[in-house]
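Take a look at the structure below.
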Amino acid sequence: MKPERLDIKKEMLIWAVTRYGLSVEEYAQKNPAFSKWINEERKPTFKQLEEFANSVYVPLGYLFLDEPPVETVPIPMFRSGGGSVSLNVMDEVRKVQERQEWLSSYIEGNGIEAPSYVGSIATDTPIETTCQTIRNILGLSLDWAFKEYSMGDAIRKLVTRMEDSGTMVCINNMVGNNIFRKISVSDCRGFALIDKNAPFIFVNGGDAQVAQTFTLIHEFVHVLIGYESGVGDEDSIINSSDDERYCDKVAAHFLVPEGLFRQVWTGDTEDVYTQLARRFKVSRYTIARRAAELNFINRARQFQLFAIWKNEPIPHKDNSGHPPFRTMALRRISPTFMIHLSNAAHANKILYLDAYRLAGLKGDTFHNVVGDKRQIARRST
């Protein structure tokens with residue numbers, strides 16, 4: 001018996017491919033049968049259509065519609081040059097949103113203490129006041145970065161303190177754990193999803209570590225002002241909102257405090273920018289920006305430096321010595337979220353199958369990743 005062939009509008013097939021980020025020609029080159037569908041020489045079977053939907057990450061049911069659905073990313077995204085938000089970014093935002101919705105309900109339903117600082121700051125609050133508020137919440141001294149040996153140590157310190165304070169942090173550069181769906185830094189450096197019980201911050205783990213520290217603080221300020229947003233690239237802040245610019249200023253002032261900077265600034269030389277970037281655990285861009293704000297250099301010199309550094313070759317990234325999968329998975333999902341999820345499943349407050357789905361991990365892998373994390377889950381007991 002021959003399989004039934006389906007009448008699917010070619011406009012829907014074309015939409016699915018372009019939504020995925022390829023042209024019709026590019027997709028057809030690797031999938032000859034697709035050309036026949038588009039040219040209406042042959043119709044797809046259900047199995048073929050299902051495989052097609054999976055290959056371009058589109059819900060199968062969408063392909064049976066008369067016209068493409070209107071899709072929008074659920075948070076404001078600022079990108080230089082405008083343009084649509086990538087499919088991978090949209091899907092990762094939705095994954096994080098689903099985790100947030102579950103966790104918020106779980107925290108509220110079980111009487112777990114929620115962070116008190118979400119939405120507690122207004123954008124007319126003086127910059128230095130907000131910086132001190134962050135230090136108080138995270139328990140950090142003015143010179144905390146000087147005490148950290150490396151950029152990696154600084155990132156781990158910030159993430160740990162944010163998680164301890166009630167904000168979930170996901171550092172990832174792909175959709176879930178799918179290594180074939182990388183999230184480009186040019187598409188998204190980070191975003192914040194606001195919720196009174198369970199704020200979430202996402203940072204693109206594929207970005208330079210010096211940029212990750214800035215993104216972490218920038219997005220944490222979003223949590224404080226209670227405004228959701230995501231940033232695509234370094235130039236996007238120019239065309240963004242007042243809230244976005246406020247978060248940007250606070251991040252720069254927090255990471256490079258004026259008093260400390262004045263003490264260690266020794267002049268406008270390449271070595272100074274490099275050395276101070278290492279001490280403050282930020283990029284040279286942030287050092288130059290603060291130097292201009294404090295009138296050690298003028299704006300023309302700042303942008304001249306930006307242009308020079310932007311044209312420098314990107315150093316080769318050493319991919320040796322990757323952390324164990326368990327460490328990577330916890331970093332991608334948020335350790336605190338995994339603690340809550342594991343405890344909920346252990347207490348029969350969520351089915352293990354649903355817990356596996358939320359975490360994006362299969363059964364044995366889920367339990368291996370959780371490991372002994374349950375014993376430190378003080379906030380969820």
Answer yes when [X] and [Y] have at least one side-chain N-carboxylate O distance shorter than 4.0 Å, and no when they do not.
{"X": "E258", "Y": "R290", "result": "no"}
{"X": "K30", "Y": "E26", "result": "no"}
{"X": "K95", "Y": "D91", "result": "no"}
{"X": "E270", "Y": "R284", "result": "yes"}
{"X": "R161", "Y": "D164", "result": "no"}
{"X": "R245", "Y": "D248", "result": "no"}

So, [X] versus [Y], ring centres under 6.0 angstrom or not?
{"X": "H218", "Y": "Y246", "result": "no"}
{"X": "F280", "Y": "F254", "result": "no"}
{"X": "Y106", "Y": "F337", "result": "no"}

Between [Y] and [X], is there a side-chain donor-acceptor contact under 3.5 Å, judged purely by atom types and distance?
{"X": "R301", "Y": "Q304", "answer": "yes"}
{"X": "N197", "Y": "E108", "answer": "yes"}
{"X": "T365", "Y": "Y356", "answer": "no"}
{"X": "K349", "Y": "N110", "answer": "yes"}

Do other residues, nucleotides or ligands put more than 12 heavy atoms under 6.0 Å from the [atom1] atom of [X]?
{"X": "D364", "atom1": "CG", "answer": "no"}
{"X": "R19", "atom1": "CZ", "answer": "yes"}
{"X": "E41", "atom1": "CD", "answer": "yes"}
{"X": "E128", "atom1": "CD", "answer": "yes"}
{"X": "N136", "atom1": "CG", "answer": "yes"}

Distance from [X] atom [atom1] to [Y] atom [atom2], nearest 0.5 Å?
{"X": "F200", "Y": "T167", "atom1": "CZ", "atom2": "OG1", "result": "9.5 Å"}
{"X": "L294", "Y": "H253", "atom1": "CG", "atom2": "NE2", "result": "7.5 Å"}
{"X": "E51", "Y": "N31", "atom1": "CD", "atom2": "CG", "result": "10.0 Å"}
{"X": "T215", "Y": "I171", "atom1": "OG1", "atom2": "CD1", "result": "10.0 Å"}

Do S334 and H340 make a side-chain contact, defined as non-hydrogen atoms from C-beta onward lying under 4.5 Å apart?
no

Looking at F180, is its backbone amide N or carbonyl O close enough to the side chain of N178 to form a donor-acceptor pair, meaning the two atoms are under 3.5 Å apart?
yes

Does F296 have any ring pair (Phe, Tyr, Trp, His ring centres under 6.0 Å) partners at least two apart in sequence or in another chain, and if so, which?
F261, W265

